Amino acid sequence: MKRGFSILAIVTALLLSFALYEALIAAPTERTMGDVQRIFYYHVPSAWTAFLLFLINFVASVVFLIRRDTKADILALVTAEVGVVFCTVVLVTGPIWARPVWGIWWTWDLRLTLTLVLWLIYVSYLVLRRFSTSSQTPVLASVLAIFGALDVPLVYFSIWFFRTQHPSPVIGGGGSLDPRMAHVLLINWAAFLCLAWLVCWTRFRLEVLEREVEEAQALESLLEGSR
Amino acid sequence: MSFFGITRATLAKDVRLEWRSKDAINAMLFFSLLVVVIFSFSFDPTAEESRRIAGGLVWVAFLFAAIVALNQTWARELRNQVLDAYRVSPAPANALFLAKALGNFIFVTVLEALMTPLFIVFYKLRALGPTWELLPIAALGTWALVVNGTFFAAISLRTRSREIMLPLLLFPISIPALLGMVNATTAILTGEGSARFWIALLVAYDVVFTSACLLLFETVLEAE
């Protein structure tokens with residue numbers, strides 16, 4: 001367990017440095033957008049990672065509701081937290097790119113709005129977890145996660161009705177991407193996935209420890225009281 | 001007692017309570033009146049402009065006002081441990097949920113019926129599209145707000161500062177519904193485009209979340 005963690009940490013560090021070099025130096029400069037396009041290697045992998053984490057959160061929440069397994073609950077909490085961080089990266093890097101290329105910081109386009117709404121839903125999820133006083137917080141939170149997941153297709157269709165401005169998806173959306181760029185993109189995504197995994201793992205262990213400490217303290221005060 | 005018998009009894013109790021105390025409806029009315037006056041006063045729109053913005057204003061006013069009714073839905077049952085009595089009683093949880101959601105639906109509908117004339121007067125509104133379509137939009141939109149609102153009020157019951165918690169949970173999830181209500185209303189007021197797509201979206205939203213609420217409410221009620 002400990003060795004696996006160290007290996008993952010080293011792999012992540014190596015991959016991240018290699019991906020940084022690839023994205024900033026090795027990747028070809030885009031013809032019309034110039035160097036600003038390089039933010040793409042951070043924007044898109046963060047988005048994919050965030051969506052993947054939110055998906056894991058949904059699955060973990062459903063598993064928790066069915067099996068009432070504490071591990072599933074911790075996994076849901078951890079993926080929501082890390083997912084919100086990656087989603088924030090997406091929402092910050094997007095406008096930085098959009099300002100010089102589109103001439104505007106923000107537009108109510110399909111993918112932008114969907115990402116923002118997802119971010120809002122998961123922030124409210126974290127707020128609920130933080131503010132809840134009941135011992136049943138995990139149940140309430142997983143119910144909220146399911147509601148959030150149900151909301152996604154509805155948000156999608158409601159905004160799909162407007163014309164969309166975002167560049168169509170590069171992979172599987174009929175767009176053409178230089179194979180060299182696709183290569184760099186995938187390396188970056190691999191690095192980001194490793195990083196997300198590493199952070200989730202650390203956070204997971206921390207949460208387990210925190211709960212153990214809490215339990216021990218509760219037990220201790222119980223014993224003190226009975227003496 | 002049958003399922004609908006319990007629903008009817010709880011609903012009648014809530015409506016009677018509200019009729020005698022008028023706690024929620026007075027607060028909601030006054031609050032949305034303030035919104036109407038303040039916005040009308042600060043924008044002073046022409047008839048053409050107000051057709052474009054009224055859809056958004058009306059629904060935002062109703063949404064914020066509805067929070068008042070939604071917040072007291074379950075808080076009222078905490079006194080004298082009524083909610084615990086519900087929990088141990090053999091009555092199905094969904095009957096209780098439906099009664100509460102229908103009660104809130106009635107309160108918000110009454111609010112809308114009373115406030116709409118004021119909106120028309122202050123914003124010089126005259127719809128250019130098919131006006132009758134506003135009725136299904138209002139019904140579907142109100143249900144979309146109260147069904148999830150009633151559910152999330154039950155969730156936020158067990159949090160610190162629960163009055164603030166409810167809008168924090170409800171608003172992000174309600175974004176597609178709000179978009180549907182506002183755009184459908186604007187389409188009818190301005191007479192540009194059809195409201196059909198948005199009505200279909202509201203129907204889908206209502207169906208999806210009403211089923212989700214009914215499926216998961218028992219879990220939430222039992223979580224203590």
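Note that this is a predicted model, so its numbers are computed, not measured. Every chain is numbered from 1 and lettered A, B, ... according to where its sequence line falls, protein lines coming before strand lines.
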Ignoring hydrogens, what is the shortest heavy-atom contact between [X] and [Y]? Give both atom names and the distance.
X: B:L201; Y: A:L154; result: CD1-O, 3.9 Å
X: A:D151; Y: B:P172; result: OD2-O, 3.6 Å
X: B:R158; Y: A:L140; result: NH1-CD2, 4.2 Å
X: B:T219; Y: A:R68; result: CG2-NH2, 3.6 Å
X: A:R130; Y: B:R160; result: O-NH2, 3.0 Å

Can you tell which part of [X] gets under 4.5 Å to a heavy atom of chain B, answering side chain, backbone, both or neither?
X: A:V139; result: side chain
X: A:L118; result: neither
X: A:L65; result: side chain

Discussion item. Less than 4.5 Å apart, side chain to side chain, heavy atoms only: is that true for A:T113 and B:I175?
Written reply: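 No; the side chains remain at least 4.5 Å from each other.
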Worksheet item: Is the closest side-chain heavy-atom distance between B:V220 and A:Q136 below 4.5 Å?
Response: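 SC-SC contact between B:V220 and A:Q136 ruled out.
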Are more than 12 heavy atoms, taken from residues, nucleotides or ligands other than [X], located less than 6.0 Å from that residue's [atom1] atom?
X: A:R203; atom1: CZ; result: yes
X: B:W74; atom1: CH2; result: yes
X: B:E218; atom1: CD; result: no
X: B:F4; atom1: CZ; result: no
X: B:F217; atom1: CZ; result: yes
X: A:K71; atom1: NZ; result: no

Discussion item. With a 4.5 angstrom heavy-atom cut-off, is it the side chain or the backbone of B:F152 that approaches chain A, or both, or neither?
Written reply: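 Looking at B:F152, just its side chain touches chain A.
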Worksheet item: Is chain A contacted by the side chain of B:S161, its backbone, both, or neither, given a heavy-atom distance below 4.5 Å?
Response: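 Only the side chain of B:S161 comes within 4.5 Å of chain A.
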Discussion item. A:F147 vs B:L169, test: side-chain contact (heavy atoms from CB on, under 4.5 Å). Steps then yes/no.
Written reply: CA-CA 10 Å; A:F147 269 69; B:L169 297 179; over 6 Å; no
Item to complete: Go through A:V143 and B:F151 one step at a time and tell me if the side-chain contact (heavy atoms from CB on, under 4.5 Å) criterion holds.
Response: CA-CA 10 Å; A:V143 167; B:F151 190 83; 3.5 Å; yes
